[in-house]
Student: 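For reference, the structure I am asking about is given below.
Hydrogens, waters and symmetry mates play no part in the numbers below; they use all other heavy atoms, side chains included. Order of the sequence lines fixes the chain letters, A, B, ..., with proteins taken first and strands second; residue numbering starts at 1 for each chain.
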2 protein chains.
Amino acid sequence: MKNNPLSPARNPDLRQIVYEKLKEAIVEGIIRPGSKLSEIELADKLAVSRTPVREAIRQLAQTGLVTLTPRRGAYVTLPTKKDAEDLYELRRDLEKMAVRNICLNPPEHKLKHFRQIFENMDDSTEHSEYLKEDQDFHLFLYKECGNKYLRKMLNNIIDMINLCRTYSVESDVKISSFAKGHVEVIDTLLAGDCEKAEGFMDDHIALTKQSLLKFLEEHPEGVVYDE
Amino acid sequence: MKNNPLSPARNPDLRQIVYEKLKEAIVEGIIRPGSKLSEIELADKLAVSRTPVREAIRQLAQTGLVTLTPRRGAYVTLPTKKDAEDLYELRRDLEKMAVRNICLNPPEHKLKHFRQIFENMDDSTEHSEYLKEDQDFHLFLYKECGNKYLRKMLNNIIDMINLCRTYSVESDVKISSFAKGHVEVIDTLLAGDCEKAEGFMDDHIALTKQSLLKFLEEHPEGVVYDE
DNA sequence: GGATTTAAAATGCTATACAACTTTTTCATA
DNA sequence: TATGAAAAAGTTGTATAGCATTTTAAATCC
């Protein structure tokens, strides 16, 4: 008698809904980095009270997507070039760790599923399709890494990475080389060669980072150089 | 109509104050793991309204110190043995990363300061004194690591580590070996031997982890074994 | 025009209220 | 006495109103 199948459509949980909506809007670039998040304005637009908006904003601040300035409000974080570099440095180590753990007991079936997807990609593949599968693959790795805290941190960091990535959407990268990187990671994982798998993941993240930084250098508008 | 001299001498930023107070109470073991955090009760005890308490609790949930159950409230996280293992695994990699970065440009003066402190320690040193200096040293490394996001994560994880550590306060470890580990890290950092420094940090964290796990095995009360 | 004062707006918090949900208590029934 | 359903009490999540302090914008004065 726990959950009635005819129970009302959904648990409201407005805070979570507002959080997701804001996150999406920020990551997709609808709300631009640097712009202000007015509690009143957002509450008005989303047709909720200030309470869930406040809590959602604070939740976003903890992942770094939003920067809080006491008594002045919340602003969408405007990542600097160093931020992007720091994020990728951290991501590299964390994903290597995930790969290391997964290698101890690789989920064969799903890995083969992803292998097939990436093997069939080439430079004619839609950029958006690659992005989607790439996202799915990495989220899959996070879920399977077996370390609750590592998973949490990776899920946090990926939001910031995506924020940085909005800058580089139309970047002219070679899809094939990214896809190949994934296949290499998967193959070594399936073969149980942990050390090599880590190395391939290292290469893959390095390539992604390089691609983003190249884009940032070519498009300095909106990117802040600190120090 | 300016400042009433009889205005309440209250510090602003209640949320942060409540957050710190709760964090301390949890990490010090005053509020036991597993116990419930009632918004009303805490608001009452701290003489504030529910709002800052709610926000502080949510902030604590982000670091993992508190576990939120929808519609049922917030509970102080009761770490399992696997939690402790996961935390130390993550901590090891993150601190190695910090050491790697610091090694590129080591802050000589302060490192020497810490070196002296740890060099003068032996098995007769007060356990509490070692704990304090150990804490300070690691926080110092976090601050100097040069990567904003790494710093944030390390500061988060150390709270959870401390929560686990409350169990092992009276652990009968050899202070000298811990202190020696620090000196080794510092010396290799000062010498600019990054690889070795990382290795020594690895050993140091491994030793700390081993000490905690040994304690947990000898004192299974209050520790949950999952899976 | 530039500086100073005043007004408007936003945040941080308080307080109250209420619906939905949990937990506890009560109480009837086996 | 134990069991289980029904009622009561308590909490959370959200909403709304309001106030103090501070920031921001506008207005005023020199």
Student: Starting the side chain at C-beta, find the nucleotide from dT14(D), dC13(C), dT11(C) nearest to K36(A).
Tutor: dT11(C)
Student: For R58(B), is there an ion pair with E55(A) - N to carboxylate O distance below 4.0 angstrom?
Tutor: yes
Student: To the nearest Å, give me how far apart CD (Q16(B)) and P (dT11(C)) are.
Tutor: 18 Å
Student: Is the H182(B) ring parallel, tilted or perpendicular to the H138(B) ring (thresholds 30°, 60°)?
Tutor: perpendicular
Student: Calculate the interatomic distance between E39(B) atom CD and dT16(C) atom C1'; express it in whole Å.
Tutor: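 About 15 Å, once rounded to whole Å.
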Student: Choose from dT12(D), dA15(D), dC13(C) the nucleotide whose nearest atom is closest to any side-chain atom of P52(B).
Tutor: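 When the side chain of P52(B) is considered, dC13(C) is the closest of dT12(D), dA15(D), dC13(C).
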Student: What nucleotide, of dT14(C), dT23(C), dG13(D), holds the atom closest to the side chain of R58(B)?
Tutor: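 The answer is dG13(D), which lies nearest to the side chain.
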Student: I need the CG-P distance between L68(A) and dC13(C), as an integer number of Å.
Tutor: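 Computing the L68(A):CG to dC13(C):P distance gives 12 Å.
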Student: Calculate the interatomic distance between L42(B) atom CG and dT11(D) atom P; express it in whole Å.
Tutor: 12 Å
Student: Using whole Å, report how far CD1 of I40(A) lies from C1' of dG12(C).
Tutor: 12 Å
Student: Say whether E85(B) and N147(A), considering side chains only, have a donor N or O and an acceptor N or O under 3.5 Å apart.
Tutor: no
Student: For dT14(D), take OP1 and OP2 only and decide whether either is under 4.0 Å from a side-chain N or O of R71(B).
Tutor: no
Student: Under 3.5 Å, is there an N or O donor on one side and an acceptor on the other linking the side chain of R50(A) and the base of dG12(C)?
Tutor: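 Checked by distance alone, the answer is yes.
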Student: Please pick, from dC13(C), dT12(D), dT16(D), the nucleotide with the shortest atom-to-atom distance to any side-chain atom of T51(A).
Tutor: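 Closest of the options to the side chain of T51(A): dT16(D).
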Student: In whole angstrom, give the distance that lies between atom CG of L14(B) and atom C1' of dA20(D).
Tutor: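 Distance, rounded to whole Å: 12 Å.
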Student: Can you check the D44(A) CG to dA10(C) P distance for me, whole Å?
Tutor: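 After rounding, the gap between these two atoms is 11 Å.
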Student: May I ask you to verify if any side-chain N or O of R72(B) is less than 4.0 angstrom from the OP1 or OP2 atom of dT12(D)?
Tutor: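 For R72(B), the contact criterion (side-chain N or O under 4.0 Å from OP1 or OP2 of dT12(D)) is not met.
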Student: Testing V53(A), T51(A), L46(A) one by one against S49(A) for a side-chain contact (heavy atoms from CB on, under 4.5 Å), which residue passes?
Tutor: T51(A)
Student: Once you round to the nearest 0.5 Å, how far does CG of L131(A) lie from CG of N162(A)?
Tutor: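 Nearest 0.5 Å value for the CG-CG distance: 8.5 Å.
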Student: Side-chain N or O of R54(A) versus OP1/OP2 of dG12(C): is the shortest distance under 4.0 Å?
Tutor: yes
Student: Just the rounded figure in Å: distance from P of dA10(C) to CD1 of I57(A).
Tutor: 13 Å
